[in-house]
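Have a look at the structure below before the remarks.
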Amino acid sequence: MKSTPAPAAVPATLGPALTLLLATATGLAVASIYYVQPLLGLLSEQFGVGSAAIGLLPTLTQLGYGAAILLLSPLGDRFDRRRIIVVKAGALVAALALAALAPGFAALCVASVVIGLTATLAQDLVPAAATLAPEAQRGKRVGQVMTGLLLGILLSRVAAGSLAALAGWRAVYASAAVAVALLIPLLWRALPRFVPATQAGYGALLASMVGLWRQHAPLRRAAWAQGLLSVAFSAFWSTLALVLAGPDFGQGSAVAGAFGLAGAAGALAAPLAGGMADRRGPQAVIRVAALLVFLSFAVQALAPASLALLVGVAVLFDLGVQAALVSHQSVVYGLDPASRSRLNAVLVSAMFVGMASGAALGSALLAAWGWRAVPALGAVAALAALAIARSR
């Protein structure tokens, strides 16, 4: 099947102001699913539930996000993406407000699911940026928007923990709701109307993702490689606090939270990776990025324990993972412009599976073999991703 033209949108350009708006909205949307993580202790005390029960909140949020990636994100190819973005943003505001006002634990669980579902607003904004960007600058512009997403992931925990310490956990959700609400009229005015790329029904739209997977070998390679890099990414970040608290490092939660800043330094390089993908081709960037992730984790696994080395590893492997992601998106968005939302859903679903697998494997290896087993896992996963990238 030949690639179809991109869905029409006027104006078909993505200037600095609109790029900044999309990056900000993307960051705030994705941050919504991470605010809860540093609040679990406060919430457990507030509602009088144990650690097992309070763990439902991040789990339900992630499950809602994962379900919506597959079930809602493809609608961006079927309906005006601007309308979808505004409706989702409004629903996210309502979900965050419900969390802020939750009278009990059950209500907060419901709000957590809806936050996960509607935070996939981020996965509508990135394809919108890809559609609006000039083809010669698509990697750079998508990279700039992705910087907002990555900073939202990495800084959300720091922001939530700091604000909760000053004003309580409800202030975190209330402030987030206000921030997203302020963006809604700006998004409605700044975004053009997007002409739907297909008139297929909802069932056919979902089924077509299987066809896209079968049809496009570059999509399969991108999904496998980025999924493996996500295993390494998640294994590191999900075990970091426990590793730092162990006898080799002896650091507390404040240091663990500050590592988000180290990760953010790597994330800021995403636009540079996108620009390089535009100039030299995304495959070259992907191979270099996967090699950087492998070397970072291999050094950590073999070198003596060092907090400074751990910081350096966090910066370098984050740079590699984010550079690969931006480059993989450049590949995927170029396969079939009329299917960008569905192609993005497939890629992000693979990342989601990788993140979940990395968290589970990292925790199990840490418990069984100690902290060096975690970077060893990251090195193996990155090496497999590099092999896939070189198989083209």
**Request:** Give the intermediate values and the outcome of side chain to side chain contact (heavy atoms under 4.5 Å, CB included) for residues Q62 and F352.
**Result:** CA-CA 9 Å; Q62 293 285 349; F352 185 88; 3.5 Å; yes
**Item:** Residue pair L183, L21: steps toward the side chain to side chain contact (heavy atoms under 4.5 Å, CB included) verdict
**Value:** CA-CA 8 Å; L183 290 177; L21 176 61; 3.8 Å; yes
**Request:** Go through Q283 and V331 one step at a time and tell me if the side chain to side chain contact (heavy atoms under 4.5 Å, CB included) criterion holds.
**Result:** CA-CA 8 Å; Q283 295 301 333; V331 170; 3.7 Å; yes
**Item:** Verdict with reasoning, D77 to R81, per salt bridge (Lys or Arg N to Asp or Glu O under 4.0 Å)
**Value:** CA-CA 8 Å; D77 293 331; R81 194 175 281 120; 3.6 Å; yes
**Message:** Assess the residue pair Q322 and F233 against the criterion (side chain to side chain contact (heavy atoms under 4.5 Å, CB included)); give the C-alpha distance rounded to whole Å, side-chain angles, the decisive distance to 0.1 Å, and a yes or no.
**Reply:** CA-CA 10 Å; Q322 312 317 339; F233 179 92; 3.5 Å; yes
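M351 places none of its side-chain heavy atoms less than 4.5 Å from the side chain of H328. Within the 4.5 Å cutoff, the side chain of L71 has heavy atoms near those of the Y202 side chain.
Taking hydrophobic clusters as Ile, Leu, Val, Met, Phe, Trp and Tyr residues chained together by side-chain heavy-atom distances below 4.5 Å, V114 does not share a cluster with L92. By the criterion of side-chain heavy atoms lying less than 4.5 angstrom apart, applied directly or through intervening Ile, Leu, Val, Met, Phe, Trp or Tyr residues, V178 is not grouped with L96; the two fall into different hydrophobic clusters. V348 and L22 fall within the same hydrophobic cluster, defined by Ile, Leu, Val, Met, Phe, Trp and Tyr side-chain heavy atoms under 4.5 Å apart, directly or through other members. By the criterion of side-chain heavy atoms lying less than 4.5 angstrom apart, applied directly or through intervening Ile, Leu, Val, Met, Phe, Trp or Tyr residues, F294 is not grouped with F297; the two fall into different hydrophobic clusters. L310 is not connected to L365 by any chain of hydrophobic side-chain contacts under 4.5 Å among Ile, Leu, Val, Met, Phe, Trp and Tyr, and they are in different clusters.
The distance from atom CG of L108 to atom CZ of F105, rounded to the nearest 0.5 Å, is 7.0 Å. For the atom pair CG of L56 and CG of L43, the computed distance is 12.5 Å after rounding to the nearest 0.5 Å. Expressed to the nearest 0.5 Å, how far NZ of K88 lies from CG of D124 amounts to 4.0 Å. Separation of atoms CG (L206) and CG (L72) is listed at 9.5 Å; rounding is to 0.5 Å.
Counted within 6.0 Å of CH2 on W213, heavy atoms from surrounding residues, nucleotides or ligands total more than 12; the atom is thus considered enclosed.
Of all non-hydrogen atoms in V30 and L149, the two that sit nearest each other are CG1-O, 3.3 Å. A pairwise comparison of heavy atoms in A225 and A385 identifies O-CB, 3.6 Å as the closest pair. Smallest separation of non-hydrogen atoms from V321 and Q226: O-NE2, 3.5 Å. The minimum heavy-atom distance between L39 and A164, with the atom names listed, is CD2-CB, 3.4 Å. Smallest separation of non-hydrogen atoms from V49 and S44: O-OG, 2.5 Å.
In this structure a side-chain-to-backbone donor-acceptor pair under 3.5 Å is missing from S234 to S230.
Among residue pairs with one or both ends in residues 367-386, those qualifying as side chain to side chain donor-acceptor pair (under 3.5 Å) are D248-W371; sequence neighbours excluded.
Taking the six-membered ring where the residue is Trp, Y173 and Y35 present perpendicular rings, their angle passing 60° and hence far from 30°.
Screening T120, L347, N344 against I69 for a side chain to side chain contact (heavy atoms under 4.5 Å, CB included) leaves a single residue, T120.
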